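One structure is given below, encoded as structure tokens.
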Amino acid sequence: MQNNNGNNAEKKFFLKMVVDNQKGVMARIATLLARKGYNIKSVCVGSHLEEGEASIIFIIIGKPLDVEVAKNTLGKLINVISIEMYEEKDVVEKEDILLKVRKHPDIEKKISPFGAKISGNAGDYVIIELLDHPDKVEAFIEFAKKELGVVDISRSGANVMAI
């Protein structure tokens, strides 16, 4: 994916948008990105500071110039209030996951080195929660699949904030 020419190398970029929280806005944004051939690696959407606004975080893998063009194109959409583009070095990146696993006698001991915790407990299952950098979340998921027997998973998508 990376090559020696820094301007043509594909990298991970974060687009943080503030938009009007209205029907169809997300569909127009996703359609525009798909039409331009961008692969959306992750999306995280939630309420923003003001009533009627939403924050959308996209992770896009691409060349710097191409992602800048996408940013500028998205910024022209009528429902986009603001849009910023960041690189990994510019942000704190976290992802939240919930895993449903079968109960094990020493489960807390197994998950504590990862910083995970039990957030729910009923019947034969427990819900484990982890909030961390996506790379660490991915490593925990692989561990949990092998060691704990994951029954179900829910992921938030990466969330970022500029430093």
Side-chain angles (χ1 to χ4, degrees), residues 1-2 9-27 29-31 33-34 38-62 64 67 70-71 74 80-163:
M1 181 148 59
Q2 297 268 348
E10 288 194 341
K11 306 190 319 187
K12 181 160 83 169
F13 290 94
F14 303 88
L15 294 180
K16 181 173 182 177
M17 304 175 70
V18 177
V19 300
D20 293 325
N21 193 2
Q22 297 178 357
K23 288 190 282 185
V25 172
M26 184 67 174
I29 292 167
T31 299
L33 290 172
Y38 295 102
N39 182 24
I40 300 169
K41 184 173 181 189
S42 175
V43 179
C44 185
V45 182
S47 298
H48 195 57
L49 293 172
E50 300 294 328
E51 181 77 25
E53 292 180 357
S55 174
I56 304 173
I57 311 251
F58 285 103
I59 297 178
I60 297 176
I61 307 296
V67 177
K71 174 190 163 268
L74 288 168
V80 174
I81 297 166
S82 67
I83 184 168
E84 298 293 329
M85 182 174 86
Y86 301 105
E87 295 182 34
E88 285 184 271
K89 66 181 176 45
D90 302 323
V91 299
V92 172
E93 180 183 7
K94 298 288 183 183
E95 182 175 6
D96 191 16
I97 63 161
L98 298 172
L99 296 177
K100 183 178 188 177
V101 302
R102 293 201 179 276
K103 283 186 181 175
H104 295 276
D106 56 349
I107 194 163
E108 289 185 78
K109 186 177 178 182
K110 288 182 177 183
I111 67 172
S112 65
F114 292 93
K117 65 181 182 178
I118 294 176
S119 292
N121 187 345
D124 294 335
Y125 301 98
V126 295
I127 306 298
I128 300 170
E129 181 180 7
L130 177 64
L131 173 67
D132 210 330
H133 189 276
D135 293 343
K136 291 182 180 178
V137 166
E138 214 46 65
F140 180 69
I141 291 169
E142 290 308 310
F143 162 81
K145 284 179 180 177
K146 291 176 188 165
E147 300 294 324
L148 305 177
V150 175
V151 175
D152 198 4
I153 184 170
S154 178
R155 299 177 78 160
S156 66
N159 197 2
V160 301
M161 183 161 290
I163 299 173

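A quick note: this is a predicted structure, and the numbers were derived from the prediction, not measured. Values below: every heavy atom of this structure, side chains too, minus hydrogens, waters and symmetry copies.
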Pairing residues for Ile153 by the side chain to side chain contact (heavy atoms under 4.5 Å, CB included) criterion, not counting sequence neighbours: Leu99, Ile141, Arg155

Within 6.0 Å of NZ in Lys94, more than 12 heavy atoms from elsewhere: yes

Would you give me the side-chain donor-acceptor pairs under 3.5 Å for residues 13-23, sequence neighbours excluded?
residue, atom, partner, partner atom, Å
Asp20, OD2, Asn79, ND2, 3.3
Gln22, OE1, Asn79, ND2, 3.3

Minimum side-chain heavy-atom gap Ile56-Ile29 below 4.5 Å: yes

Run the side-chain donor-acceptor check on residues 104-111: report pairs under 3.5 Å with partners two or more places apart or on a different chain.
residue, atom, partner, partner atom, Å
His104, NE2, Arg102, O, 3.4
His104, NE2, Leu148, O, 3.0

Close side-chain approach of Val45 to Met26, heavy-atom, < 4.5 Å: yes

Candidate pair Ile60 and Lys41, rule side-chain contact (heavy atoms from CB on, under 4.5 Å), full reasoning: CA-CA 6 Å; Ile60 297 176; Lys41 184 173 181 189; over 6 Å; no

Straight-line distance of Ser156 OG to Leu131 CG, nearest 0.5 Å: 7.5 Å

With Glu142 via salt bridge (Lys or Arg N to Asp or Glu O under 4.0 Å) - residues at least two apart: Lys145

Contact summary for Lys11 and Pro64, nearest pair of heavy atoms: CE-CG, 4.5 Å

Shortest non-hydrogen separation from Ala70 to Leu33 and the atoms involved: CB-CD2, 4.2 Å

Atom pair CZ/CG of Phe140 and Leu130 - distance to nearest 0.5 Å: 6.0 Å

Closest approach of Met85 to Val67 (non-hydrogen atoms, all atoms of both residues): SD-CG1, 3.4 Å

Sequence neighbours excluded, every pair satisfying ring pair (Phe, Tyr, Trp, His ring centres under 6.0 Å) that has a member inside residues 120-139: none

Side-chain heavy atoms of Ile127 within contact of Ile118, under 4.5 Å: no

Close side-chain approach of Lys117 and Ile128, heavy atoms under 4.5 Å: no

Sub-4.5 Å side-chain heavy-atom contact between Phe114 and Asp132: no

Shortest non-hydrogen contact from Ala158 toward Cys44: O-CB, 3.2 Å

Spatial distance of atom CD (Glu129) from atom OG (Ser154) [nearest 0.5 Å]: 10.5 Å

With Asn121 via side chain to side chain contact (heavy atoms under 4.5 Å, CB included) - residues at least two apart: Lys103, Val126

Close side-chain approach of Pro134 and Glu93, heavy atoms under 4.5 Å: yes

Ser42 side chain to Ile59 backbone, donor-acceptor under 3.5 Å: no

Minimum side-chain heavy-atom gap Asp90-Ile163 below 4.5 Å: no

